[in-house]
Amino acid sequence: MSWALLALGLVLVVEGLLWALAPHLVEELLAALRALTPEERRLAGLAALALGLALVWGARMAGAFSP
């Protein structure tokens, strides 16, 4: 459970940095997402999910979550 809180915290840090440092870029990214079809957004979400799982798995294999 603690690794899930760590992951959530890291996501919030990255999101917060993006909004704080480049709010105009965030607006452009949201506009680009609105231009995509729902199926394209779904595929992008699945790709992000797969990449995130691969990164977490790789970090775990590298010993990032060892007790």
Side-chain angles (χ1 to χ4, degrees):
M1 179 67 173
S2 62
W3 63 269
L5 290 175
L6 173 66
L8 180 59
L10 289 172
V11 166
L12 292 173
V13 166
V14 171
E15 289 277 338
L17 278 173
L18 186 61
W19 280 96
L21 298 177
H24 184 68
L25 177 62
V26 173
E27 291 175 10
E28 290 177 7
L29 288 171
L30 290 173
L33 282 174
R34 277 191 290 275
L36 297 175
T37 66
E39 185 61 28
E40 290 171 328
R41 288 189 297 247
R42 183 174 294 114
L43 288 174
L46 288 171
L49 173 68
L51 178 60
L53 285 172
L55 288 172
V56 169
W57 178 81
R60 186 175 176 113
M61 292 296 108
F65 300 114
S66 27

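As a basis for the values below, the full set of heavy atoms in this structure was taken, side chains included, without hydrogen atoms, waters or symmetry mates.
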Practice task
Determine whether Leu55 and Val11 fall in the same hydrophobic cluster, where Ile, Leu, Val, Met, Phe, Trp and Tyr are linked whenever their side-chain heavy atoms lie under 4.5 Å apart.
Solution key: no

Handout entry: Val13 and Leu17, any side-chain heavy atoms less than 4.5 Å apart
Key = yes

Completion exercise
Rounded to the nearest 0.5 Å, the CG atom of Leu5 sits from the CG atom of Leu10 at a distance of 11.0 Å

Exercise for the section: Could you grab the distance from atom CG of Leu43 to atom OG1 of Thr37, nearest 0.5 Å is fine? Expected result: 8.0 Å

Practice task
Can you measure from NE2 (His24) to CG (Leu29) and round to the nearest 0.5 angstrom?
Solution key: 10.0 Å

Handout entry: Connected via hydrophobic side-chain network under 4.5 Å: Leu51 and Trp57
Key = no

Completion exercise
All heavy atoms of Pro23 vs all of Ala20, minimum pair found to be CD-O, 4.1 Å

Handout entry: Closest heavy-atom pair and its distance - Arg41, Arg34
Key = NH1-O, 3.9 Å

Practice task
First locate atom CG of Leu53, then atom CZ of Arg60, and finally report the distance between them rounded to the nearest 0.5 Å.
Solution key: 12.5 Å

